[in-house]
Undergrad: 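Sharing a structure below in structure tokens format, with a few things to ask.
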Amino acid sequence: MIVTHARVLTANGPEVSDVRIEDGFVAEIGSGLSGGDEISAGGAWIGPGFVDLHAHVREPGQEWKEDIASASDAAAAGGYTAILAMPNTDPPTDSGHLARFIVDRGRSVGIVDVVPVGTVTMSRAG
């Protein structure tokens with residue numbers, strides 16, 4: 001697929017360009033690309049995904065508020081490709097096995113990267 005007439009955010013600033021997408025990934029950025037189904041971006045922006053540095057995911061322990069799947073869905077809908085899951089869970093993310101659980105659960109959901117943030121103190125006790 002070729003996305004044409006897009007404002008592409010590059011390391012050198014925004015450029016009006018075309019973008020080739022292959023297997024769900026950006027394969028090429030340039031002018032006058034051809035060779036696939038074309039979709040005009042009409043000047044819309046294309047850039048790297050955002051990273052949410054402070055997401056209250058609440059899994060494990062408070063999934064009725066938010067869980068990794070619903071947080072991942074919301075993040076992707078907003079253009080985010082990664083979230084950092086705050087440790088205010090129940091139990092708090094204060095040990096390796098809980099951090100591994102969050103990473104593994106994020107991978108099994110498979111929508112965005114989910115990175116656990118650990119507590120500074122055990123049990124968030126201060």
Side-chain angles (χ1 to χ4, degrees):
M1 169 190 326
I2 307 291
V3 180
T4 62
H5 306 102
R7 287 186 191 147
V8 180
L9 186 58
T10 71
N12 299 320
E15 298 176 4
V16 176
S17 195
D18 301 335
V19 178
R20 180 187 314 280
I21 309 291
E22 292 179 3
D23 298 321
F25 293 93
V26 173
E28 185 178 7
I29 299 172
S31 296
L33 300 181
S34 63
D37 294 334
E38 291 189 9
I39 298 173
S40 176
W45 288 86
I46 294 179
F50 298 115
V51 176
D52 185 343
L53 300 176
H54 193 108
H56 290 275
V57 176
R58 307 297 188 181
E59 185 176 353
Q62 300 171 344
E63 291 84 357
W64 69 92
K65 294 181 179 180
E66 180 85 90
D67 63 14
I68 291 172
S70 64
S72 296
D73 279 338
Y80 289 79
T81 58
I83 57 176
L84 275 66
M86 292 294 102
N88 56 340
T89 54
D90 186 18
T93 310
D94 62 2
S95 60
H97 75 280
L98 290 169
R100 281 188 298 278
F101 167 80
I102 292 168
V103 170
D104 291 345
R105 178 82 173 104
R107 286 182 182 153
S108 72
V109 168
I111 299 170
V112 299
D113 292 331
V114 180
V115 179
V117 174
T119 61
V120 175
T121 61
M122 295 303 292
S123 300
R124 297 180 54 224

Undergrad: Between Met86 and Leu53, is there shared hydrophobic-cluster membership here, with clusters defined by ILVMFWY side-chain heavy atoms closer than 4.5 Å?
TA: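 Yes.
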Undergrad: Please tell me if the side chains of Ile83 and Val57 come closer than 4.5 Å, counting only heavy atoms from C-beta onward.
TA: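 The answer is yes; the side chains approach within 4.5 Å.
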Undergrad: Mark yes or no for whether Asp37, through its side chain, and Met1, through its backbone, hold a donor-acceptor pair below 3.5 Å.
TA: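 No, because the side chain of Asp37 does not come within donor-acceptor range (under 3.5 Å) of the backbone of Met1.
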Undergrad: Which atom pair, heavy atoms only, marks the closest approach of Gly30 to Ser17?
TA: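 Scanning both residues completely, I find the closest heavy atoms to be O-OG, 3.0 Å.
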Undergrad: Nearest 0.5 Å, please: how far is OG1 in Thr89 from NZ in Lys65?
TA: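 Lys65 NZ to Thr89 OG1: 11.0 Å, rounded to 0.5 Å.
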Undergrad: Taking all non-hydrogen atoms of both residues into account, name the closest pair between Phe50 and Gly78 and its distance.
TA: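 Phe50 and Gly78 have their closest heavy atoms at CD1-O, 4.0 Å.
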Undergrad: Evaluate the side-chain proximity of Pro116 to Val103: yes if any heavy-atom separation is below 4.5 Å, no if none is.
TA: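 In contact.
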Undergrad: Going by side chain to side chain donor-acceptor pair (under 3.5 Å), name the residues that satisfy it together with Glu28, two or more places apart in sequence or in a different chain.
TA: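 Glu28 satisfies side chain to side chain donor-acceptor pair (under 3.5 Å) with Arg20 once adjacent residues are dropped.
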Undergrad: Of the non-hydrogen atoms in Ile111 and Ala69, which two are nearest, and what is the gap between them?
TA: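 Here Ile111 and Ala69 meet closest at CD1-O, 4.4 Å.
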Undergrad: Could you tell me if the side chain of Val117 sits less than 4.5 Å from the side chain of Thr93, heavy atoms only?
TA: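 A side-chain contact is absent here, since even the closest heavy-atom pair is not under 4.5 Å.
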Undergrad: Has the side chain of Ser123 got a donor or acceptor atom that lies under 3.5 Å from a matching backbone atom of Ala125?
TA: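 Not at all, since once roles are kept as given, no pair shorter than 3.5 Å links the two residues.
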Undergrad: When rounded to the nearest 0.5 angstrom, what is the spacing between CD1 in Ile39 and NE2 in His5?
TA: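 The CD1 atom of Ile39 sits 13.5 Å away from the NE2 atom of His5.
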Undergrad: With a 4.5 Å heavy-atom cut-off, do Pro48 and Leu9 have their side chains touching?
TA: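 In short, these two side chains touch, coming nearer than 4.5 Å.
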Undergrad: Give a yes or no on whether Val51 and Tyr80 share a hydrophobic cluster (residues Ile, Leu, Val, Met, Phe, Trp, Tyr; joining criterion: side-chain heavy atoms under 4.5 Å apart).
TA: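 Different clusters.
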Undergrad: For the residue pair Gly32 and Asp18, what are the closest heavy atoms and their distance?
TA: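 Answer, listing the atom of Gly32 first, then Asp18: N-OD2, 3.0 Å.
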Undergrad: Hey, any chance Ile46 and Ile29 share a hydrophobic cluster, counting ILVMFWY side chains that come within less than 4.5 Å of each other, even indirectly?
TA: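 In one cluster with Ile46: Ile29, yes.
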Undergrad: Measure the CG-CG distance between Leu84 and Asp113 for me, rounded to the nearest 0.5 Å.
TA: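 Result: 10.0 Å between the selected atoms.
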Undergrad: Among Pro91, Pro92, Pro87, exactly one meets side-chain contact (heavy atoms from CB on, under 4.5 Å) together with Leu98. Which residue is that?
TA: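 So, applying the side-chain contact (heavy atoms from CB on, under 4.5 Å) to Leu98 and each of Pro91, Pro92, Pro87, only Pro91 qualifies.
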Undergrad: For the backbone of Val112 and the side chain of Thr81, can you confirm whether one donor and one acceptor N or O come within less than 3.5 Å of each other?
TA: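 No.
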Undergrad: Can you name the nearest heavy-atom pair linking Val114 to Ser72, along with the distance?
TA: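 In this case the closest contact between Val114 and Ser72 is CG2-OG, 3.8 Å.
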Undergrad: Nearest 0.5 Å, what's the CD-CD1 distance between Glu38 and Ile2?
TA: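 Those atoms lie 6.5 Å apart.
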Undergrad: With sequence neighbours left out, which residue pairs that include part of residues 51-61 fulfil the side chain to side chain donor-acceptor pair (under 3.5 Å) condition?
TA: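 Listed once each, the pairs are His54-His56, His56-Asn88, Glu59-Arg105.
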Undergrad: Do the side chains of Trp45 and Val3 join up, straight or via other hydrophobic residues, at under 4.5 Å, putting them in one cluster?
TA: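 No; Val3 is not reachable from Trp45 via cluster members.
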Undergrad: Keeping to residues at least two apart or across chains, list the salt bridge (Lys or Arg N to Asp or Glu O under 4.0 Å) pairs with something in residues 67-92.
TA: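 Not a single pair qualifies under salt bridge (Lys or Arg N to Asp or Glu O under 4.0 Å).
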